[in-house]
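Labels below follow one simple rule: chain letters A, B, ... track the order of the sequence lines, proteins then strands, and each chain is numbered from 1. Side chains included, hydrogens not; waters and symmetry mates left out as well; all remaining heavy atoms used.
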There are 2 protein chains.
Amino acid sequence: MLTIGKLGAQAGVKVPTIRYYEQIGLLPEAGRSAGNQRLYGRKALERLAFIRHARDLGFTLEAIRDLLSLSDNPEQPCVAADAIARAQLAEVERRLARLTALKAELERMVVQCVGGKIADCRVIEVLGDHSLCSTDHRHPESESSP
Amino acid sequence: MLTIGKLGAQAGVKVPTIRYYEQIGLLPEAGRSAGNQRLYGRKALERLAFIRHARDLGFTLEAIRDLLSLSDNPEQPCVAADAIARAQLAEVERRLARLTALKAELERMVVQCVGGKIADCRVIEVLGDHSLCSTDHRHPESESSP
DNA sequence: CTTGAAGCTATAGTTGCTAGAGACATTAGC
DNA sequence: GCTAATGTCTCTAGCAACTATAGCTTCAAG
Ligand SMILES: [Zn+2]
Ligand SMILES: [Zn+2]
Ligand SMILES: [Zn+2]
Ligand SMILES: [Zn+2]
């Protein structure tokens, strides 16, 4: 049996994050010790490691919630899980495309600046005028982190 | 003079976002009409377009705040602005590297799954065990959107 | 047996907006 | 001139996915 701190250390997840996951129902309520401290077993560690890994791969908590409930039914077909993964792949590919364009623009900006006064700075100039950009990098819609 | 709606349409920024930018001090308080409605001139439009463009390029509002205050002093040297742009470029490059690794892992996952039961699903399996991954894609630290 | 680390709850803050409620202003049609 | 439809006003609350703080209690080492 692991305390929350050991569990977090094993899974690479901070203690408040574990409590947060429990609060939003991603982890089941942990059993408690006599002194009211959470205690975890091997299954909880596996589940938390799954969450951590999926987060590392950029899945949202909502997607992870679905993946977890799928993995709780091992006899079901896996098409739904695969669809979630493919959607995540598509999302990553979209971000990749956008970041590639951003990188190109940022490189252009910093390379073109010859380093004088702000009034002549190419960085400031380009930021003020998208028509100076070489690509259409504008923000289409929603994203999030990884 | 533009109302907030026209300004937003011109700059490609939603009305509540403009009010939010004013609230956090990124835009100066706008003048008001007799009926207490905000009115904007050409300078406000330029400033808002600058913000929008910088957001599109992934700069944080904090970075944009600094860039704006730099651009308000046109006689100063531009090294600080260039440093902000280079930091943003570095950030984009870090995200790009990470997303590239994620893409590889996700592709591996979906390709390896032969589509049977959840119990045999490669997607679920890999999510549960990072040692099945081909790269070290783990989340080092902070990120945010672009 | 004492002390310091680790745990507990509950609340609030982060970033960059977005959505809603309910009241006032402006504009278009008749 | 009047009314209805937008547009704008303020204020508050909510989103993701945590992180931080405060003020407790419990546990483990010396
Ligand atoms: Zn410069
Ligand atoms: Zn541009
Ligand atoms: Zn599968
Ligand atoms: Zn992995």
Handout entry: Below 4.0 Å: OP1/OP2 of D/dT19 and any side-chain N or O of A/T17
Key =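 For D/dT19, OP1 or OP2 has a side-chain N or O of A/T17 closer than 4.0 Å.
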Exercise for the section: May I ask you to verify if any side-chain N or O of B/T3 is less than 4.0 angstrom from the OP1 or OP2 atom of D/dT8? Expected result: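 For B/T3, the contact criterion (side-chain N or O under 4.0 Å from OP1 or OP2 of D/dT8) is met.
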Exercise for the section: Could you tell me which residues satisfy salt bridge (charged side-chain N to carboxylate O under 4.0 Å, His left out) with A/R32, sequence neighbours excluded, listed by chain and number? Expected result: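 Scan of A/R32 (salt bridge (charged side-chain N to carboxylate O under 4.0 Å, His left out), adjacent residues dropped) gives none.
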Would you mind reading off the distance between [X] atom [atom1] and [N] atom [atom2], rounded to a whole angstrom?
X	N	atom1	atom2	answer
B/I18	C/dT18	CD1	P	11 Å
A/Y40	C/dC8	OH	C1'	12 Å
B/K14	D/dG7	NZ	P	16 Å
B/K6	C/dA25	NZ	P	19 Å
B/L61	C/dC17	CG	C1'	9 Å
B/R19	D/dC11	CZ	C1'	11 Å
B/Y20	C/dA19	OH	P	15 Å
B/E62	C/dT14	CD	P	11 Å

Pair up each side-chain donor or acceptor in residues 8-26 of chain A with any protein partner under 3.5 Å, not counting sequence neighbours, and list the distances.
residue: A/E22; atom: OE1; partner: A/R38; partner atom: NE; Å: 3.0

Exercise for the section: Look at the side chain of A/H53 and the backbone N and O of B/V126, then say whether any donor-acceptor pair between them is shorter than 3.5 Å. Expected result: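 Yes: the side chain of A/H53 pairs with the backbone of B/V126.
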Practice task
Mark yes or no for whether A/R108, through its side chain, and A/L132, through its backbone, hold a donor-acceptor pair below 3.5 Å.
Solution key: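 A pair under 3.5 Å: yes.
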Problem - Donor on one side chain, acceptor on other, B/T135 and B/E105, under 3.5 Å - result: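 Indeed, the side chains of B/T135 and B/E105 share at least one donor-acceptor pair under 3.5 Å.
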Problem - Neighbours of DNA chain D within residues 21-38 of chain B, by heavy-atom distance under 4.0 Å - result: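 Only B/R32, B/N36, B/Q37, B/R38 qualify.
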Handout entry: Any residue meeting side chain to side chain donor-acceptor pair (under 3.5 Å) with B/D129, in chain and number order, not counting sequence neighbours
Key =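 B/D129 satisfies side chain to side chain donor-acceptor pair (under 3.5 Å) with B/S131 only.
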Practice task
Can you measure from NE2 (A/H137) to CG (A/L106) and round to the nearest 0.5 angstrom?
Solution key: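 Result: 8.5 Å between the selected atoms.
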Problem - CD1 on B/I51 to CG on A/L127, rounded to 0.5 Å - result: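 So the CG of A/L127 and the CD1 of B/I51 are separated by 11.5 Å.
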Practice task
Sequence neighbours left out, what pairs pass side chain to side chain donor-acceptor pair (under 3.5 Å) with at least one residue falling in residues 112-126 of chain B?
Solution key: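 Sorted pair list: A/E75-B/K117, B/Q112-B/R122.
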Practice task
Give me the bend of the helix from C/dC1-D/dG30 to C/dC30-D/dG1, using the axes of the five pairs at each end, rounded to 10°.
Solution key: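 One end's axis against the other's: 0°.
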